[in-house]
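Input: a single structure, listed below in structure tokens.
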Protein chains: 2
Amino acid sequence: MLFSTASGYALRALAAMPEDGTYSLAKDLASLLDLPGPYLAKILQSLAQEGILHSVRGPRGGFRLARPAHHITVGEVVAALEGIETMSGCVMGFARCDNEDNPCPLHKAWNEVKAHMDASMTHVTIRDLQILDMQQRREVAGSRH
Amino acid sequence: MLFSTASGYALRALAAMPEDGTYSLAKDLASLLDLPGPYLAKILQSLAQEGILHSVRGPRGGFRLARPAHHITVGEVVAALEGIETMSGCVMGFARCDNEDNPCPLHKAWNEVKAHMDASMTHVTIRDLQILDMQQRREVAGSRH
DNA sequence: TTTTAAGAAGACAAGCCTATCCTTAATTGA
DNA sequence: TCAATTAAGGATAGGCTTGTCTTCTTAAAA
């Protein structure tokens, strides 16, 4: 997996949250998606601090998307949890490796990879994941019959 | 960086080893490349166990490449230290994400990325890194004047 | 006002990676 | 044979990620 476990959990949880303004509970999302509850709660709290989610304490509280799902990109979520440095730097860890002077043998390939992923991550939004999420949950439900 | 620190160190050390059959000491490579000596020694020992290096104990011993540099691929080194699972699995950590049924929105992009990197890693060898290594050491030497 | 239902925040632990150190084993050379 | 040299192996420690647990705070509902 390219992303961290936390990012994967976050994307799945965001895709499962309704957009009707109602609040979802961390533990409900966790049991729905079969994720570790306390850990998911921490992740959702981080996303709330980053302005991706809105949270309310107390009865009938919980988490909801701070913006429409199609305005939250995958890259934004990953950056909020992992920082933006994830894919920067030389693939091989060479200190002196840049475009102009002495690129490492994997430099060109890695640059194309980065550009490709970067484009995907800024264009794919949580809304795109919602469809997938529905498909997956339908299949899981079907397999239980 | 895509690879682990250990893989980066390993590639740099392998690129710096002579191919004339003589043995290099872990601590010499470490000081030449400015890497943590004991840690590099562990890494080289792992590479010896994997058959990428040949090691001899005692005076005049050390490590040498077990095969010609152009027969050792970058992918082989990374796989020896990190396992082959590094780039397998869904990018987003979705359990049910495959080519046929329900690929995740990043699935296609990630597959192209994987194919690209995989091709590079099996075609680029330690010999390709030797040229880079010479360039980098020359520059470092020059910058000290 | 009291109770209850939530998130927020902190401590804590397990596991992995990075890194160091110490001891042991092997090999060479005197 | 003995001393020196080198890798091999194990123990240990710090940092980060994953994950759990407990306590505190907020806010709604009774």
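To find a chain, count down the sequence lines: A is the first, B the second, and so on, and within it residues start at 1.
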Inset, instruction - With sequence neighbours left out, write down each residue that passes side-chain contact (heavy atoms from CB on, under 4.5 Å) with B:Pro38, or none if nothing qualifies. - result: none
Legend entry - Protein-nucleotide distance (B:Phe63, atom CZ; D:dT5, atom P), rounded to Å: 18 Å
Legend entry - Non-neighbouring partners of B:Glu82 that pass salt bridge (charged side-chain N to carboxylate O under 4.0 Å, His left out), sequence neighbours left out: none
Inset, instruction - Sequence neighbours left out, what passes side-chain hydrogen bond (donor to acceptor under 3.5 Å, both in side chains) with B:His123? Give chain and number order. - result: none
Distances for protein N/O vs nucleotides 14-18 of chain D N/O pairs under 3.5 angstrom?
from: D:dT18; atom 1: OP1; to: A:Thr5; atom 2: N; distance (Å): 2.9
from: D:dT18; atom 1: OP1; to: A:Thr5; atom 2: OG1; distance (Å): 3.3
from: D:dT18; atom 1: OP2; to: A:Tyr39; atom 2: OH; distance (Å): 2.7
from: D:dT18; atom 1: O5'; to: A:Tyr39; atom 2: OH; distance (Å): 3.0

Legend entry - Interface residues of residues 51-61 of chain A with DNA chain C (non-hydrogen, below 4.0 angstrom): A:Ser55, A:Val56, A:Arg57, A:Gly58, A:Pro59
Inset, instruction - Using a heavy-atom cut-off of under 4.0 Å over every strand shown, decide if A:Leu44 touches base, sugar-phosphate, or nothing. - result: nothing
Legend entry - Flag side-chain contact, heavy atom, 4.5 Å: B:Ile52 against B:Leu65: no
Inset, instruction - Sequence neighbours left out, what passes salt bridge (charged side-chain N to carboxylate O under 4.0 Å, His left out) with B:Glu50? Give chain and number order. - result: none
Legend entry - Atom-pair distance (CD on A:Gln45; C1' on D:dC21), nearest Å: 13 Å
Inset, instruction - For A:Tyr23, enumerate each residue passing the side-chain hydrogen bond (donor to acceptor under 3.5 Å, both in side chains) test, keeping only those at least two apart in sequence or located in another chain. - result: A:His54, A:Arg64
Legend entry - Value in whole Å for how far the P atom of D:dA7 lies from CD1 of B:Ile43: 14 Å
Inset, instruction - Could you tell me which residues satisfy side-chain hydrogen bond (donor to acceptor under 3.5 Å, both in side chains) with B:Arg67, sequence neighbours excluded, listed by chain and number? - result: B:Glu76
Inset, instruction - Determine the contact category for A:Gln49: base if any of its heavy atoms lies under 4.0 Å from a base atom, sugar-phosphate if only primed atoms, P, OP1 or OP2 are that close, otherwise nothing. - result: sugar-phosphate
Legend entry - Flag side-chain contact, heavy atom, 4.5 Å: A:Val56 against A:Phe63: no
Inset, instruction - Please tell me if the side chains of B:Met117 and A:Val91 come closer than 4.5 Å, counting only heavy atoms from C-beta onward. - result: yes
Inset, instruction - Sequence neighbours left out, what passes side-chain hydrogen bond (donor to acceptor under 3.5 Å, both in side chains) with A:Asp34? Give chain and number order. - result: none
Inset, instruction - Give B:Ser24 one of three labels, base, sugar-phosphate or nothing, depending on what nucleic acid heavy atoms sit under 4.0 Å from its own. - result: sugar-phosphate
Legend entry - Flag, side chain of B:Ser120 to backbone of B:His116, donor-acceptor distance under 3.5 Å: yes
Inset, instruction - For DNA chain C, note the earliest and the latest nucleotide, 5' to 3', having some atom under 4.0 Å of a heavy atom belonging to chain A. - result: C:dT4 to C:dA11
Inset, instruction - Mind calculating the distance between NZ (A:Lys42) and P (D:dC21) to the nearest angstrom? - result: 13 Å
Inset, instruction - To the nearest 10°, let me know how far the axis at one end of the helix from C:dT1-D:dA30 to C:dA30-D:dT1 is tilted from the axis at the other, five pairs an end. - result: 20°
Inset, instruction - Find the distance A:Tyr23:OH to D:dA28:C1' and express it as a whole number of Å. - result: 13 Å
Inset, instruction - Drop me the distance from A:Leu40's CG to A:Asp28's CG, to the nearest 0.5 angstrom. - result: 11.0 Å
Legend entry - side-chain contact (heavy atoms from CB on, under 4.5 Å) partners of B:Pro18, counting only residues at least two apart: B:Asp20, B:Thr22, B:Ser24
